[in-house]
Amino acid sequence: MTRPAVFTIPAHRAFADALAAGLIARHGPDPLGLARTVVLVPNNRAARAISDAFVRRAEGGLLLPRLVAIGDPELDERLGGLLDPIDADGEEEAIPPAIDPLERQMILAWLTGEARQAAGDPIDGGEAIRLAGELGRTLDQMLIEQIPVARLRDLVALPELSDHWQRSLAMLDAILTRWPAELAARGRIDLAERRNRLLDRVARRWRRRPPPDAVIAAGISSTTPAVARLLGVVARLPDGMVVLPGLDTISGEAEWQALGPHAAGEDGARPPRPIESHPQYALKRLLDRMDVGRGEVATWRWGGGRDARSVRARAIANAMAPAAFTDKWHRLPPAERRLSGVRAIELANPAEEAQVIALALREAIETPGRTAALVTPDRVLARRVTAHLARWGIVADDSAGTPLSLTPAGTLLLAVAEAAAEGFAPVPLLALLKHPLVRRGDARGAWLDGVRKLDVALRGPRPPAGLDGIARYLRDGDGHARRARAPAIDWWDEVRPLLEPLENAFSRKSFVPSEVEGRSPRPRSLDFARDERGLGGLLEALRETVGTLADDAGWSGPDGRAAADLIAELEAWAPVGPTAFDPAGLAPTLRLLMDAVAVRPPQGGHPRLSIWGLLEARLQHADLMVLGGLNEGVWPALPSPDPWLAPRIRAELGLPGLETRIGLSAHDFAMALGAPELVVTRARRDARAPTIASRFWLRLEAMTGGLTREHRLPNWAAAIDRPTDRSFVSRPEPAPPVADRPKVIAVTKLDRLQADPFAFYADAMLRLRPLDAVDADPTPAWRGTAVHAVFEAWMKQDDCDPDRLLPRAEAMLRDMAAHPVMQALWEPRLIEALRWVADRMREERAQGRRPIAAELDGRTEIAGITLTGKVDRIDRLADGTLAIVDYKTGKPPSAAQVEAGYAMQLGLLGLIADRGGFAGIEGTPLTFEYWSLAKDRDAFGQVRSPVGGKSHVAPQDFVAHAAAILTAAVERWLTGTEPFTAKLAPEYSPYADYDQLMRLEEWYGRGAGEAEAGL
C-alpha cells in the first residue's frame, strides 16, 4: 500500500507563507509546474490568505496555482479539466443543483409552523423562520456526517428522554420526513448533500484516474466523512499531498490516544467520552478517518519568514495537554514551558482593552515593513479597535466585514420595520426620520429642520398610536402645548402621506398567501395580538417606503446592494414561507437574517495592518499578533444549545458534541500562539459583570508560573486623554447689569432665586428650558398639569359639585394621551385621591365654605418689580376671610422649609390677594392649605398648612413674612448687584436642570483653598 504523503506545518510557523515557500521550492525553475498545481483549501477566505502569501514571494513574477475551496457548491466547475469528462461512459449521473439557502429556510419555516400547529403549540412566522435556521443547521450536520434521517424514529421512545425532548424529536422526524418530497418537487437537493456527492465523485475519479499534475490539500481540518475520504485519496495520489495545520507531533502517545474517540469495551460498556474540547481532537479524528497514523505525518521543512523559534511549538503542546496530563508541567525544563515573546495585559474594561490594542497595533506599523494583526472572535471589540485606529487616520482591513444589520442600509430597513410595528411611537419614528440615508443630499437640511420641530413637539408622554394619533396630538392640548406643537403641524401634514402605505400594510387584515403550490393555508385557530398578514406584503411596503424616504441612497454602496439582494430574495421566497406573519416579528426576523450577511468594503485598509477572524489567523502570522477578548464565553465562546436535539440524542446519532466547537477554537488559539511576537489581552469586566479569564489564558498562566506583564502600553493609553496642565473652573456667578435683570418674578420662582440664583438666571434671563425626554414616563410636572386641568374644569363647569368630580376626571383622563404605565399605575391612585377631595368638599360646604375662584392669574407691584402667580383655588370662609389652596400630587412643603425662608408660594399668593391682584376677589387671606393627593398612611389625600402648628409663623403674619422674604431677595438679585451664584443652598434646590450648564461636577465640593492651589 502506498505510504500517504501527509505533512504538517507546526504552530510556530506561518502556515500560508510556509506552504507557499515549500511549493515554490518544490517546483524549482519550472514556472508552469506551479501553475498546473491544484491546491484544495477549506474555503474562499483561506484561498485569499494563501494567494496573498504567494504574492509576497513573487519577486520576479509568478503563475499562481489553482486554489479551490472544497466547500464550494460548484466544486466540479472549479476543478475544470481535472474532472472532464466527469460522466464519461455514463459512469456518473448528473448531480442536481442545490436549493437556494433562503428558499430552504422559508420552506422549513412553513413545515415547522405546520408541525407546531398540529402539536397544539402554534407559533408566529417570525419564530418559525428562526427555528428553521436552527433546524437547517441540525439537518446539515446529519447530512455532513451521513446519518440517515430514519434513525430519528428509533430514538423517539428512548426512556431516558424527557417529555419535552421526545416531543421535539417526534416533531423533527415529522418535518424531515416531509422534507425530501419538497426537494424532489423542485428538482433540488440540500447544499450539504451536493457537497458530499461532489467530494465523493472527485475522490472516486481520482482514485481510478489520478490527475497528471500535483494536487495539494492544505489547511483543511474538517472531520466530515466525505472530506476525510477525499483527503485520504489525495494523500495517496502519485503527486498528491495533504498539509495539515499545527498537528501536534511532540506530545507522547498516551496523550494522543487519550483524546479519543474510544471503542466500546468488550462487555458492551459505554466507552469514555472523547475530549472534544481539545485543540488536537479534530485533527486526530480526521487522521483516523483517513486511515493515517500520527507517526506517518512528516513535518514540513520550509519556513514562512514570520516564524517563532521551534521551542514555541513545544511550549504550545505542553500548555494544551489534556487535563489528566497537566501534572507534567512542574517537571518540564524551563525552556519547554517558557513563552518568550508573549506579553499579557489585563485591563479594567473593554474600552481600555480596545485602546491598548489600538496603541499596540499603531506602534508596530510605525516601523517600515513591520506587520501587525488583531485576532479576536469578539466583533464588538474589533469595531472598537477600528474606531480607535480611525482616530489616527488608520483604516484596518477587517476580514470579517460588518454585519448588514449594523450598516446604514441595514439600520434603515430595521428603522422602517420597527417604526411601523410600534404604531409610529415617537422613539422609532424619530429614529427613522433622522436616519442619515433619509433625504440625503441637498434636501436634507430642510428635512432635518422639520424633524427637529416634530422632535420638540413629541417630547413628553407618548401620543396616541398611529399617524392619525400623532396628527390629533399635534392639534390638541391646552394653549401652551398647542403653541409648542404648532410649528410641526404643516411639516407633519407633508410627511404623513409618505408613511401611510406602510401603516396600511402593517395594519390591514390580509392572509397571504392562501394557496402556494397546492398546499392549503394553515388553520385559522392561531390568534395573534394583531390579525394575520402576509410576509410578502410587508416586505413590499418596506421596500417602497425605503425608496420613498431615501430614494437610491437606501440601495447604493456595498451595504445597499446587499440589502437590496436580501429583500429581493425574501420577496421571491416569501410565498413558500409561513402562511401567517405578525408584523411585530418583521424587524427581529430581518435582524436575524442580516446578521448572517457580512458587508466588506470594495478595497482594503492599511496594507500592513489586519483584523483577522480565527480561521485567517490559523493560516498566517504577522510580525505582531494581538489576541484580544480572552475571556470565558468569548474565546472560547459558549456552545450554543441545539433546540432540536438533546445532547444524548446527538451522541446516539454519532453527531459531534457541542464542545467540538471549543476544540476548534482552542486549535485556532494554539496556531495564533505561534507568532514571533504576541500580546494577549482581556478585560476584567464587561458591560454587565466581572468576567472570568479564558481557560486558555489560565492554562498559560499555570504552566509558565505567570505570563510576562506589559505595563508600557496601558500607561500610554491612560496618558492619551490625561491633560498635562489642568485648569479648574470656579463656581459660576454671572453679574449682569441691573438694568438687564428681570423685573417680573413668579411666586413659584422665589425659591429658585434664593437657593440657586444661577438656575434662576439661566431660566429667566437666558430663557433656557429643559426638554422632556421623547416617549417619557409622565413626570410629576405632567401629572400636576393633568390634575390642575381636571380641577379647573370641575370648578368652572361643574361649580365644584362633589358629585361631578369623579365623572369629570374619568372623562378627561380618558381623552388625554396617557402613557400605558400611567393608566395602569397612576390613574387608579388619582381616582382614590379625587374621591377624598369630593368627600372633603362636602364637609367644607357643610361648614359654609365656598370656592370662589380657580386657576386665576394675578399680579401686584412690590419692591420695584411685578409679582405674578396663578392660584389653584380661592375659597370664601363663613367668616368672610379667604383661604388660599394649592393642589399637590406629591408631598407638600414642610414647616421647616417655611421657617428657613423657602416655600413662600402660598404666602405670596395671599399677598397678591390681599392687595386685590386677583380680579373680582376681595378679602383678607388667613387660611393657607396644601391639598396633597399623595398617600398618607393607609389613605390617599391630606390637608397641610405651612403656618401655625409646628411652624413659628402665625397665619395672620404669613403674608407679611412672605413679603419681607421676597423684598430681601429682590433687593439682592433683581434691583441690586448681587451675582447669580450657583447652588447657594443645595438642600433647597433639588432640581438638576442646569447642573451641566454650571459644570457642577467640576467645582462642587472643592474648597476655595483647593481651587486657588489648582487641586
Of all pairs that satisfy salt bridge (Lys or Arg N to Asp or Glu O under 4.0 Å), the ones with a partner from residues 433-443, not counting sequence neighbours =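 Checked against salt bridge (Lys or Arg N to Asp or Glu O under 4.0 Å) - neighbours excluded - the pairs reaching residues 433-443 are Lys434-Asp455.
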Check whether the ring centres of Trp931 and Trp836 lie less than 6.0 Å apart, and answer yes or no.
->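 Yes, ring centres under 6.0 Å apart.
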Side chain to side chain donor-acceptor pair (under 3.5 Å) contacts touching residues 592-601 (sequence neighbours left out) |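 Of all non-adjacent pairs touching residues 592-601, those that pass side chain to side chain donor-acceptor pair (under 3.5 Å) are Ser405-Asp595.
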Taking only residues two or more places apart in sequence or in another chain, which ones pass salt bridge (Lys or Arg N to Asp or Glu O under 4.0 Å) with [X]?
X      : value
Lys983 : Asp756, Asp995
Arg444 : none
Asp493 : Arg475
Asp559 : none

Any side-chain heavy-atom pair from [X] and [Y] closer than 4.5 angstrom?
X      : Y      : answer
Leu856 : Lys870 : no
Arg741 : Pro736 : yes
Leu593 : Leu404 : no

N/O donor-acceptor pair under 3.5 Å between Asp551 side chain and Ala553 backbone =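 Here the side-chain-to-backbone pair does not exist.
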Please check if the side chain of Asp993 supplies one atom and the backbone of Pro770 the other of a donor-acceptor pair under 3.5 Å.
->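 Checking the backbone N and O of Pro770 against the side chain of Asp993, no donor-acceptor pair under 3.5 Å is found.
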Rounded distance (nearest 0.5 Å) linking atom [atom1] of [X] with atom [atom2] of [Y]:
X      : Y      : atom1 : atom2 : result
Leu412 : Leu437 : CG    : CG    : 5.5 Å
Trp555 : Ile567 : CH2   : CD1   : 5.5 Å
Glu540 : Thr545 : CD    : OG1   : 10.0 Å
Thr748 : Leu753 : OG1   : CG    : 11.5 Å
Trp492 : Ile470 : CH2   : CD1   : 4.0 Å
His435 : Leu413 : NE2   : CG    : 8.5 Å

Relative to each other, are the rings of Tyr887 and Phe791 parallel, tilted or perpendicular (30° and 60° limits)?
->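 Rings of Tyr887 and Phe791: parallel, as their planes differ by under 30°.
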Minimum heavy-atom separation for Trp447 to Leu433, with atom names?
->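 That closest heavy-atom pairing would be NE1-O, 2.8 Å.
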